[in-house]
Amino acid sequence: MQPDGAKPLVPADILRAVDAAIEEQGRWMTRWHRALVCRIPAEPDLVDPRSDELTQFGRWHDDHRDDPLLSQSAFRELWQSYLDMHRAARLVAADTARDADPAEYDDVIDKADEFLTRARRIRDAFRKAVSDLDPLTGLSNRTTMNAELSAEYERAVRSKTPCCLALTDIDHFKKVNDTYGHAIGDEVLAATAGRFLSRMRPYDLIYRYGGEEFLLCLPNADPATAVGVLERLREALCDRPIPLPDGRELPVTASFGYCEIDGGVPLKKVIEQADEALYRAKQAGRNRVVGYAEGKGSE
């Protein structure tokens, strides 16, 4: 059961747990082999009916079994292979005084290999996910952004469907850091990202662009649709203060600038135009959405 008040797992948590499980598995198998080869009584945890629950990985899994990430099929299969391995290993370790049945021994080794193969596959997948994510906000970083934006740009131009890019910046964020400290600033960044994610359309994309700035890609959105989406995000932030760990609440707002993709304008230039619109939003008083138009911004 998930501990009360526990935060949901993020890819970095999975990566650490699976890395630790692989390392622990090596030590566990060494103790299991020692009992078998030396024909000495196996240590109690190796033959305990709950041997899978007594490991570090087993306790971690039990603590987080209700987390959405652990409900994914790949992780359910990993855990089942872990249970199968322990069940087979207990049968052999329970009586080390007798000659082990080769078939039973081979079954344990096969199940251990299956567990390690699945664990390494998950580790590699989450290692890539972690490298592609901003650790503070959980949003994709600029490396992922560049590839995904290029694909969306090409799709919009090829299919002649509307698509807008937007840049948003937390208003007076330097003052937040100077007044409350960088730890509170990090809380504000993470909370802002969470609020934006909760109000975006399922197919919208958001990236941490740098510092307190985020970039959004809004597929199938003409300027009118983009304004509607961005106004929802703006209101999600300004309508309710962000609760701080010490119980205080901090009012936070953000400014938005957007630009529609034009096949005649390179992607880099479109981003610059959205940035220019963001600048105008700040110049106009902040906490607002401004669109780009050649030579001027239009609200």
> If you look at every heavy atom in M29 and I109, which pair is closest and at what distance?
Replying inline: CE-CD1, 4.0 Å
> Roughly how far, to the nearest 0.5 Å, is the OH atom of Y209 from the CG atom of L139?
Replying inline: 15.0 Å
>> Test your reading of the model: is there a side-chain donor-acceptor pair from R59 to the backbone of L54, 3.5 Å cut-off?
In response: yes
>> With side-chain contact (heavy atoms from CB on, under 4.5 Å) as the criterion, how do R234 and L237 come out once you've worked through the C-alpha distance, each side chain's angles and the decisive distance to 0.1 Å?
In response: CA-CA 5 Å; R234 186 187 65 80; L237 194 59; over 6 Å; no
> Do V92 and L36 have side-chain heavy atoms sitting under 4.5 Å apart?
Replying inline: yes
> Are T225 and N220 side-chain neighbours, meaning at least one heavy-atom pair lies under 4.5 Å?
Replying inline: no
>> Let me confirm one number: the CG-CD distance from D107 to E104, rounded to the nearest 0.5 Å.
In response: 8.5 Å
>> Within this structure, what is the CD1-CG distance for the pair I206 and L215, rounded to the nearest 0.5 Å?
In response: 8.5 Å
> So which of R31, R90, R27 actually passes salt bridge (Lys or Arg N to Asp or Glu O under 4.0 Å) with E43?
Replying inline: R31
> Hey, is D19 close enough to R16 for a salt bridge, meaning N to O under 4.0 Å?
Replying inline: no
> Where is the tightest heavy-atom contact between G263 and V157, given as atom of each residue plus distance?
Replying inline: CA-CG2, 3.7 Å
> In this structure, are over 12 heavy atoms from other groups packed under 6.0 Å from F75 atom CZ?
Replying inline: yes
>> To check you understand the geometry: which heavy-atom pair defines the closest contact between S71 and P68, and what is its length?
In response: OG-O, 2.5 Å
>> Quick test of your reading: applying ring-ring contact (aromatic ring centres under 6.0 Å, His included), list the pairs with at least one residue in residues 182-205, sequence neighbours left out, ordered by first then second residue.
In response: F196-F214, F196-F256
>> Quick check on the hydrophobic clustering: are L230 and I271 connected, directly or via other members, by side-chain heavy-atom contacts under 4.5 Å?
In response: no
>> Out of the candidates D52, T55, D67, L70, only one should pair with H61 under the side-chain contact (heavy atoms from CB on, under 4.5 Å) rule; please name it.
In response: L70
> For Y207, is the NZ or CZ atom of R142 found under 6.0 angstrom from the centre of its six-membered ring and inside 45 degrees of the ring axis?
Replying inline: no
>> Does any part of the side chain of D13, heavy atoms only, come nearer than 4.5 Å to the side chain of L69, both counted from C-beta?
In response: no
> Rounded to the nearest 0.5 Å, what separation is found between the CD1 atom of I122 and the CZ atom of R127?
Replying inline: 13.0 Å
> Rounded to the nearest 0.5 Å, how far does OH of Y292 lie from CG of L278?
Replying inline: 14.0 Å
>> Does either side chain, that of D48 or that of S51, offer a donor lying less than 3.5 Å from an acceptor on the other one?
In response: no
> How far apart are the C-alpha atoms of E77 and R118, what are their side-chain angles, what is the distance that settles it, and do they pass the side-chain contact (heavy atoms from CB on, under 4.5 Å) test?
Replying inline: CA-CA 8 Å; E77 290 167 1; R118 290 183 185 278; 3.1 Å; yes
> Looking at A274 and L165, what are the two nearest heavy atoms and their distance?
Replying inline: CB-O, 3.9 Å
> Less than 4.5 Å apart, any side-chain heavy atom of I184 and any of P245?
Replying inline: yes
> Distance-only, no hydrogens or angles: does the E249 side chain make a donor-acceptor pair with backbone N or O of L244 under 3.5 Å?
Replying inline: no
>> Between R199 and R195 (side chain of the first, backbone of the second, donor and acceptor by atom type, cut-off under 3.5 Å), is there such a pair?
In response: no
> What heavy-atom pair brings A156 and C163 nearest, and what distance separates the two atoms?
Replying inline: CB-CB, 3.8 Å
> Looking at CG of D275 and CZ of R280, how far apart are the two atoms once the value is rounded to the nearest 0.5 Å?
Replying inline: 11.0 Å
> Going only through I, L, V, M, F, W and Y residues with side-chain contacts under 4.5 Å, is there a path from F126 to L116?
Replying inline: yes
> Do D124 and R120 meet the salt-bridge criterion of a basic N to acidic O distance under 4.0 Å?
Replying inline: no
>> Before you tell me yes or no, could you show the steps for R155 and T161 under side-chain contact (heavy atoms from CB on, under 4.5 Å), namely the whole-Å CA-CA distance, both residues' side-chain angles and the distance that decides it to 0.1 Å?
In response: CA-CA 8 Å; R155 184 193 64 79; T161 54; 3.3 Å; yes
> Is the gap between the ring centers of H86 and W28 under 6.0 Å?
Replying inline: yes
>> For a quick check under 3.5 Å, do S255 and R286 share a side-chain donor-acceptor pair by atom type?
In response: no
> Residues in ring pair (Phe, Tyr, Trp, His ring centres under 6.0 Å) with H172, at least two apart?
Replying inline: none
> Under 3.5 Å, is there a donor-acceptor pair between the side chain of W32 and the main chain of L46?
Replying inline: no
> Should V270 and L205 be regarded as members of a common hydrophobic cluster, given that ILVMFWY residues are connected when their side-chain heavy atoms come within less than 4.5 Å of each other, either directly or indirectly?
Replying inline: yes
> Any link between I14 and I22 through a network of hydrophobic side chains (Ile, Leu, Val, Met, Phe, Trp, Tyr) touching at under 4.5 Å?
Replying inline: yes
> Hey, mind stepping through R248 and Y180 against side-chain contact (heavy atoms from CB on, under 4.5 Å) and telling me if it holds?
Replying inline: CA-CA 11 Å; R248 291 178 295 175; Y180 299 95; 3.6 Å; yes
> Which pair of non-hydrogen atoms, one from D204 and one from R201, has the smallest distance, and what is that distance?
Replying inline: OD1-NH2, 2.7 Å
> Do S81 and D84 have a side chain donor and acceptor closer than 3.5 Å?
Replying inline: no
> Taking only residues at least two apart or on different chains, which pairs with a member in residues 217-239 satisfy ring-ring contact (aromatic ring centres under 6.0 Å, His included)?
Replying inline: none
> Going by atom types alone, do R208 and N141 pair a side-chain donor with an acceptor below 3.5 Å?
Replying inline: no
> With distance as the sole test, does T144 use its side chain to make a donor-acceptor pair with the main-chain N or O of S140 at under 3.5 Å?
Replying inline: no
>> Are F57 and Y82, when compared by the centres of their aromatic rings, separated by less than 6.0 Å?
In response: yes
> Is there a chain of hydrophobic side chains (I, L, V, M, F, W, Y, each step under 4.5 Å between heavy atoms) that links L167 to I170?
Replying inline: no
